[in-house]
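Presented below is the structure to which this report refers.
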Amino acid sequence: MTDRVTEAAAQFAINGELESAAPYGSGHINDTFCAVFAQGGVKQRVILQRINDHIFRDPPRLMENIERVTRHLAAKVAGEPDGERRVLRLIPARDGSAWHRDEESRYWRAYRMIERARTYDAVESAKQAFEAGRAFGRFQQMLADLPAPRLHDTIPDFHHTPKRFAVLERAIAADAAGRAKQAEAEIAFALRQEPMTRVLLEAGLPERVTHNDTKINNVMLDDATGEGLCVIDLDTVMPGLALYDFGDMVRTSTSPAAEDERDLSKVAMQFPLYEALLGGYLSAAGGLLTKAEREMLAFSGKLITFEIGIRFLTDYLAGDTYFKVHREGHNLDRCRTQFALVRSIAEQEGQMNRLAETLG
Ligand code: ADP
Ligand code: GN1
Ligand code: MG
């Protein structure tokens, strides 16, 4: 337990003595800790996070978004069974603020731990795909009437695929880490996909409040029932397209392989998982969608998988400055997995579209 974590934990309105704090979860962005507090023999676990301010340049505005969104969601689930566990709950700092700024000017926040539920780094069953789809769909649906003003863009152009592509082109030209040679095949594949990068943006789809990071490990599934209980990781909740969310669900909830799987023969879009995911998503958010959105559901899976793939490739070429990495070549492995999945989705896109039509 480092001094920094202990000091930060003490700033939040939590009763009891801090017993321990340890790194937690497998997110690629923030520093997440599970802190255990004890009072009179009763233990309480808390999620403590140091916000990545290299990536999120304005943490107070980001926290303003999260306060507004969690307040809105809390009002929606009030009175539902188990409502406490259905929304992320911020624990305020002792001065009443939603965050704490430490001596190094780093920003911290604390959430109630959602107990008896967990996240999965890779989908394991059709039931999980359905539940993830339903939970993220419900999330969009509950935020459809979030009162004005517009949320802050915590990362501008987060899903602007053509701009992501342009950044990749610059990274290839710069070859800052001298790695372009090792990624020749991936670079060639990426460059061939350029025409698809603009398709969603040119389709005239409506702006909505979206999550923008709907990978399966950002939804907690109930241990006892498997139900999609609570959507977490709200840093990128901001104006976006419904299909950014659906696309990232396809990326992580239809192929049971890990995001960094090296054995690409294991990486494939499995149709029964897609069927379950789509069913879950439409059961909650279907009523929101326009005809154009429905027609592009499968395409969004291919596009967003490609987009995340080029982000991993860009980071590999730049020398791993964005995503946390845990081994040599990690971002290149992740890129390869995404591109294998893009190919697999492309092969099944016709069938995926026909399914959406029958459910439409
Ligand atoms: P990152 O932005 O780095 O992905 P997350 O907010 O997703 O960070 O948190 C990382 C992991 O911590 C999650 O995948 C989840 O397993 C766990 N986690 C986060 N918040 C909670 C919570 N309130 N209750 C239980 N687990 C949580
Ligand atoms: C990051 O924060 P985390 O680990 O849930 C990233 C997403 C990527 C994802 C790939 C703010 O998500 O955009 O899709 O990694 N988040 C940010 O696993 O860049
Ligand atoms: Mg996360």
Side-chain angles (χ1 to χ4, degrees), residues 22-36 44-57 59 62-63 65-66 70 73 84-91 107-122 132 136 153-161 164 167 210-223 229-238 240 244-245 247-253 255 258-261 303-315 320-326 330-331 333-335 337-338 341:
Y24 195 76
S26 48
H28 296 337
I29 305 296
N30 294 305
D31 297 324
T32 303
F33 303 89
C34 170
V36 182
Q44 183 194 358
R45 301 201 300 165
V46 165
I47 290 283
L48 200 62
Q49 279 183 324
R50 180 165 49 200
I51 299 172
N52 184 328
D53 51 14
H54 167 66
I55 290 174
F56 298 107
R57 304 315 280 239
L62 177 155
M63 292 308 295
N65 278 3
I66 292 185
T70 52
L73 295 173
E84 271 301 304
R85 293 197 302 148
R86 292 183 184 278
V87 182
L88 270 184
R89 312 250 168 200
L90 281 166
I91 302 173
Y107 289 84
W108 295 78
R109 67 180 165 220
Y111 286 118
R112 298 206 176 286
M113 171 73 90
I114 297 166
E115 299 285 1
R116 305 180 311 282
R118 53 168 290 204
T119 55
Y120 295 78
D121 287 335
F136 284 123
D153 285 303
T154 57
I155 302 180
D157 297 320
F158 190 59
H159 281 295
H160 195 295
T161 320
R164 296 285 188 187
V167 174
T210 52
H211 183 280
N212 297 303
D213 188 4
T214 56
K215 70 172 163 178
I216 192 154
N217 73 13
N218 285 331
V219 58
M220 312 264 331
L221 305 184
D222 186 274
D223 286 341
L229 192 66
C230 182
V231 167
I232 61 169
D233 201 346
L234 307 181
D235 295 328
T236 53
V237 179
M238 58 183 156
Y244 296 156
D245 285 359
D248 206 20
M249 291 177 223
V250 174
R251 181 179 79 85
T252 58
S253 294
S255 165
E259 187 179 57
D260 56 1
E261 175 60 58
L303 182 74
I304 298 301
T305 304
F306 175 69
E307 182 190 273
I308 314 281
I310 62 174
R311 289 177 59 200
F312 287 139
L313 180 55
T314 301
D315 201 34
D320 309 319
T321 63
Y322 188 97
F323 298 103
K324 289 185 184 195
V325 289
H326 307 292
H330 207 167
N331 273 314
D333 290 341
R334 290 169 175 155
C335 161
T337 311
Q338 307 317 299
L341 191 54

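Note that the structure is predicted; figures quoted are calculated from it, not measured. Both counts, for ligands and for their atoms, begin at 1 and track the order of listing. Reckoned from all heavy atoms, side chains included, excluding hydrogens, waters and symmetry mates.
- Between Lys215 and Asp233 there is no salt bridge, since none of the side-chain N atoms of the basic residue sits less than 4.0 Å from a carboxylate O of the acidic one.
- Atoms of ligand 2 found under 4.0 Å from any heavy atom of Tyr322, numbered from 1 in the order shown, are 11 (C), 17 (C), 19 (O).
- Between the side chain of Thr161 and the main chain of Glu307, no donor-acceptor pair closer than 3.5 Å is present.
- Closest protein heavy atom to atom 1 (C) of ligand 2: Ile29 CG1, 3.7 Å.
- With hydrogens left out, the protein atom closest to atom 15 (O) of ligand 2 is His28 CD2, 3.3 Å, a heavy atom.
- Nearest heavy-atom pair across Phe323 and Ile29 is CD2-CD1, 4.4 Å.
- For Asp235, no heavy-atom contact with ligand 2 is shorter than 4.0 Å.
- For His211, the ring pair (Phe, Tyr, Trp, His ring centres under 6.0 Å) partners are Phe136, Phe139, not counting sequence neighbours.
- The protein atom (non-hydrogen) at minimum distance from atom 9 (C) of ligand 2 is Lys215 NZ, 3.7 Å.
- Nearby protein atoms of type N, O or S around the Mg ion (ligand 3) amount to 2 (distance under 2.8 Å).
- Close contacts between ligand 2 and Asp233 involve ligand atoms 2 (O), 3 (P), 5 (O) [criterion: under 4.0 Å to a heavy atom].
- Given atom 14 (O) of ligand 2, the protein heavy atom at minimum distance is Ile308 CD1, 3.2 Å.
- In summary, Asp31 and Lys324 engage in a salt bridge, as defined by a charged side-chain N under 4.0 Å from a carboxylate O.
- Cation-pi geometry between Arg118 and Tyr120 is satisfied (NZ or CZ under 6.0 Å from the ring centre, within 45° of the ring normal).
- Remark: side-chain polar atoms of Thr337 are paired, donor with acceptor, to backbone N or O of Asp333 under 3.5 angstrom.
- The protein atom (non-hydrogen) at minimum distance from atom 7 (C) of ligand 2 is Asp213 OD1, 3.5 Å.
- Looking at atom 18 (O) of ligand 2, its nearest protein heavy atom turns out to be Glu259 OE2, 2.5 Å.
- Between atom CG of residue Asn65 and atom CE of residue Met238 there is a gap of 9.0 Å, rounded to the nearest 0.5 Å.
- The Arg251 neighbourhood of ligand 2 comprises atoms 10 (C), 14 (O), 18 (O), with distances under 4.0 Å to a heavy atom of that residue.
- Within the listing of ligand 2, atoms 11 (C) sit less than 4.0 angstrom from a heavy atom of Phe56.
- Asp245 places no side-chain N or O within donor-acceptor distance of the main-chain N or O of Thr214, the cut-off being under 3.5 Å.
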Tabulating one pair per line, provide the atom names and distances (0.1 Å) for every N/O atom of ligand 1 that is less than 3.5 Å from a protein N/O atom.
unit_1   : atom_1 : unit_2 : atom_2 : d
ligand 1 : 2 (O)  : Asn30  : ND2    : 3.1
ligand 1 : 2 (O)  : Asp233 : OD1    : 3.3
ligand 1 : 2 (O)  : Asp233 : OD2    : 3.0
ligand 1 : 3 (O)  : Ile29  : N      : 3.3
ligand 1 : 3 (O)  : Asn30  : N      : 2.9
ligand 1 : 4 (O)  : Asp233 : OD2    : 3.0
ligand 1 : 6 (O)  : Gln49  : NE2    : 2.9
ligand 1 : 7 (O)  : Asn218 : OD1    : 3.0
ligand 1 : 7 (O)  : Asp233 : OD2    : 3.0
ligand 1 : 8 (O)  : Gln49  : NE2    : 3.3
ligand 1 : 9 (O)  : Gln49  : NE2    : 3.3
ligand 1 : 14 (O) : Asn217 : O      : 3.1
ligand 1 : 16 (O) : Thr119 : OG1    : 2.9
ligand 1 : 23 (N) : Arg112 : O      : 3.0
ligand 1 : 24 (N) : Ile114 : N      : 2.9

| request: Before giving the answer on side chain to side chain donor-acceptor pair (under 3.5 Å), spell out for Thr236 and Asp213 the whole-Å C-alpha distance, their side-chain angles and the decisive distance to 0.1 Å. | output: CA-CA 7 Å; Thr236 53; Asp213 188 4; 4.6 Å; no
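- The ligand atoms of ligand 2 that sit less than 4.0 angstrom from a heavy atom of Gly27 are 4 (O).
- Atoms of ligand 2 lying under 4.0 Å from at least one heavy atom of Asn218, given by number and element, are 5 (O).
- Under 4.0 angstrom from ligand 2, the non-hydrogen atoms of Arg311 all belong to its side chain.
- Without hydrogens or angle criteria, Asn30 side chain to Asn52 main chain gives a donor-acceptor distance under 3.5 Å.
- Using a distance-only test at 3.5 Å, with no hydrogens or angles considered, a donor-acceptor pair links the side chain of Arg89 to the main chain of Glu84.
- Of all the heavy atoms of Phe312, the ones lying under 4.0 Å from any atom of ligand 2 belong exclusively to the side chain.
- Using modelled atom types, no side-chain atom of Arg45 and backbone atom of Ile114 make a donor-acceptor pair closer than 3.5 Å.
- Residues passing the ring pair (Phe, Tyr, Trp, His ring centres under 6.0 Å) test with His326 are His330, sequence neighbours excluded.
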